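Sequence lines set the chain letters: A, B, ... in the order given, protein chains first and strands last, and positions in each chain run from 1. Note that the structure is a prediction, hence the values are computed from the model and not measured.
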Amino acid sequence: MGAFTMDESWTKAKAVFASLATPPIFWLLAFFLVPLAIIWGYSFGENKSLTEIAVNGTFSNYAHAIKPLYLGIIFKSFWFAAITTVLCLIVGFPVAIAITFATEKSKAWLLLLIMLPFWTNLLIRTYALMAVLRTEGYINFTLAFFWNTFSHLTALFGHPLGPFQPLRLLHNNFAVVFGLVYVQLPFMVLPLYAALDRLDRSLLEASLDLGASHLTTFRRVVIPLAIPGIVSGVLVTLIPSVGAYLTPDLLGGPSSQMIANVIERQFKTANDWPFGAALSFLLMYMTFLAIAVQAIVSRNRKGRER
Amino acid sequence: MRLVNRPPRSSRRSLLAGLGAAAAGLSFSGLEGCAPKGRIGPNGEELRLNLYNWDTYTGKTTLADFKAATGIEVKMSLFATNDELFAKLKAGNPGFDVIVPSNEYVTRFRIADLLMPLDLAKIPNRANLLPAFRDPPFDPGRRYSMPYTWLVLGIGYRKSKTDGVPDSWKWVMDSSRYSGRIGVFSEADDMIELGAKYLGHSVRNIPVNVIDQVAEMWIRQKPSIKIFHHDEGQDLLLSGEIDIVMEYNGDIAQVMTEDPDLDFVVPREGSIINSDSLCIPKGAPRPDNAHRFINFLLDGKTGAGVYNTIKYPTPNAAALALMPADYRDNRVIFPPAAVMAKCEYADFEGLDRAHLFDETVTRIFAA
């Protein structure tokens with residue numbers, strides 16, 4: 001390559017680029033964009049029979065989807081996702097910092113630990129979580145053991161404790177948020193780590209040398225420099241959480257229905273693909289809007305800083 | 001403490017079975033296209049048959065016996081829900097010869113014109129069927145389906161945690177006595193139809209104002225309900241997570257063998273009967289083999305082999321006669337005739353109905 005001029009190497013590279021890029025572009029078109037476009041088309045369609053959908057440009061599915069019932073469920077899904085994201089950020093930030101400051105060797109191991117859950121199917125992990133949280137699960141079993149031991153001790157002094165009341169940890173909204181945090185945490189930690197790892201350590205030393213406390217340094221140096229990582233971490237945690245389906249389904253209680261559960265039923269028992277498609281795309285439009293607003297806000301802020 | 005590490009036991013509709021079904025679905029595409037043409041039988045059809053069935057839903061030797069009798073090799077793929085079955089065939093039959101939908105889906109398949117009419121002359125063993133199953137409302141004259149098993153929804157419960165036999169839907173739908181220990185089947189149809197049944201209506205043609213009444217009842221009941229389950233009610237009951245649950249008799253019968261403290265009752269108001277049925281989808285590559293297979297399954301001895309394994313109630317008199325007494329006299333598998341007389345088949349009543357039911361449960365879950 002070195003022998004070519006810039007122009008020549010670029011013409012040469014174009015052929016290489018084309019041959020490398022064609023398969024993934026084809027893949028993206030055939031298996032992602034085309035099916036997505038079909039579903040988008042369905043969202044403007046009508047059920048003609050159990051098996052036929054007529055795409056006739058109707059907006060009735062969207063009109064139905066913005067009824068208060070469905071908007072309420074979408075709002076609730078965003079609320080669950082927001083709580084999940086905040087908790088992931090609070091838990092994930094110290095973890096990411098710890099990995100950043102670990103030795104090179106332990107860093108690799110810690111990153112491996114973060115990624116380890118991906119080696120197991122989400123369904124299996126969720127079932128495992130159920131075994132931990134349920135009424136006769138590992139947490140309640142452990143608590144009961146300590147409770148009973150302590151009760152034996154107090155009984156020696158004539159004051160036994162009452163029988164152990166198991167905690168209700170499963171099949172409620174707590175379990176859903178707990179499950180979502182558990183599933184999404186790696187997606188928060190990895191971008192945070194990527195941002196923090198690039199951070200110039202001399203800036204921290206400078207801040208500390210100039211008399212700032214650790215807390216102030218964290219607040220006024222580390223966090224601002226980690227903003228890109230925080231933003232991407234928040235996005236990759238928030239968006240999948242809004243569309244979570246398995247977690248509310250398996251860990252949730254009677255009031256844990258999220259929008260993905262409603263959408264799922266449209267493609268199954270209700271057999272209303274056009275409405276299911278409209279709900280899915282409504283969610284997608286909202287997500288795009290949120291990303292666009294975020295992008296505009298961050299551009300304005302950069303503009304002001306200049 | 002009962003946790004996940006108990007002996008493996010599969011249920012016809014369990015979620016994990018869905019995983020197996022997904023895997024089977026993936027491998028299926030290879031069944032028709034790439035396999036070399038096999039030997040041809042005397043009826044001019046290849047000596048093969050593609051069966052699409054629920055998990056753990058044949059006897060230990062059923063398929064091998066059929067091969068020994070006819071030389072026809074059965075390839076079985078598994079589905080976990082009727083929706084999955086319907087979705088797979090909706091876009092065109094990918095090569096299945098025999099499928100096993102439940103009664104409401106027999107109607108859906110028929111409306112969608114996806115079933116081949118049966119040639120009853122080729123199924124002489126239909127004479128073995130109990131009279132009650134010869135002319136069901138969802139398939140008058142049995143023109144499209146033959147019954148394989150039936151199921152009834154009722155209440156599974158833990159004897160030591162309930163006051164007597166909870167033999168009314170009230171204890172699940174309309175009472176706080178078992179608050180926090182109740183499990184309810186999350187299927188829209190079942191929730192609304194059984195609610196209407198409790199309020200004294202038929203499970204079919206429910207008036208709209210009754211649907212609203214049922215929805216209000218469920219919303220009132222929600223603080224007492226621990227979980228809306230997806231047909232894993234028997235596991236929740238067995239693990240002690242809940243003490244009273246809306247479930248199928250066959251599923252509770254399976255866990256009762258593991259825990260003698262569990263029992264099942266069909267509430268006195270009556271309930272919904274389901275019937276899993278053998279059908280031949282349109283476009284089946286080997287329809288004559290399919291008829292022979294259905295006829296074989298309706299044989300008394302074959303049937304006894306099947307029901308001995310899966311413990312579901314049989315609609316087959318000849319098979320029933322060959323079954324041991326602990327199956328025939330099991331009042332969970334065969335609830336008392338007096339209460340069964342109050343049970344009905346539900347039916348698929350059109351897409352608008354399905355959408356109304358779905359929106360109603362969405363409202364209940366969101367409340």
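Looking only at heavy-atom pairs under 4.5 Å with chain A, the residue among B/R353, B/K90, B/K226, B/H355 that has the most is B/H355. Of the residues considered (B/L351, B/D113, B/L114), B/L351 shows the highest number of contacts with chain A, using heavy-atom pairs under 4.5 Å. Per-residue heavy-atom pair counts under 4.5 Å with chain B were compared for A/T51, A/D272, A/N47, and the maximum is reached by A/D272.
Between A/L251 and the choices A/L170, A/L246, A/L180, the side chain to side chain contact (heavy atoms under 4.5 Å, CB included) rule is met once, by A/L170.
Heavy atoms of B/A366 lying under 4.5 Å from chain A belong to its backbone as well as its side chain. Interface residue B/A367: only backbone heavy atoms are found under 4.5 Å from chain A. Heavy-atom distances place no part of B/I242 under 4.5 Å from chain A, backbone and side chain included. Residue B/D358 touches chain A through both its backbone and its side chain, counting heavy-atom pairs closer than 4.5 Å. Neither the backbone nor the side chain of A/F267 comes within contact range of chain B; no heavy atoms are under 4.5 Å apart. If you measure heavy-atom distances from B/F348 to chain A, the contacts under 4.5 Å come from the side chain alone. Only the side chain of B/E187 comes within contact range of chain A, with at least one heavy atom under 4.5 Å from a heavy atom of that chain. For A/N271, the parts sitting under 4.5 Å from any heavy atom of chain B are the backbone and the side chain alike. Contact of A/S49 with chain B is made through the backbone alone, with heavy-atom distances under 4.5 Å. When heavy atoms are compared at a cutoff of 4.5 Å, B/F357 does not approach chain A at all. Heavy-atom distances place the side chain of A/Q266, and not its backbone, under 4.5 Å from chain B.
Ring centroids of B/F109 and B/Y144 are separated by 6.0 Å or more, keeping the two rings apart.
A donor atom on one side chain and an acceptor atom on the other are not found under 3.5 Å apart for A/N261 and A/Y245. Between the side chains of B/T107 and B/E104, not a single donor N or O lies within less than 3.5 Å of an accepting N or O. Side-chain contact of B/D174 with B/Q221: a donor-acceptor pair under 3.5 Å is absent, judged by distance alone.
At a threshold of 4.0 Å, the pair B/R363-B/E359 does not count as salt-bridged, since none of the basic side-chain nitrogens sits closer than that to a carboxylate oxygen.
Below 30°, between 30° and 60°, or above 60°: for A/H64 and A/F275 the angle between ring planes is above 60°, a perpendicular geometry.
The shortest side-chain heavy-atom distance between B/S186 and A/R265 does not fall under the 4.5 Å cut-off.
In A/Y285, the OH atom is crowded: over 12 heavy atoms of neighbouring residues, nucleotides or ligands sit closer than 6.0 Å.
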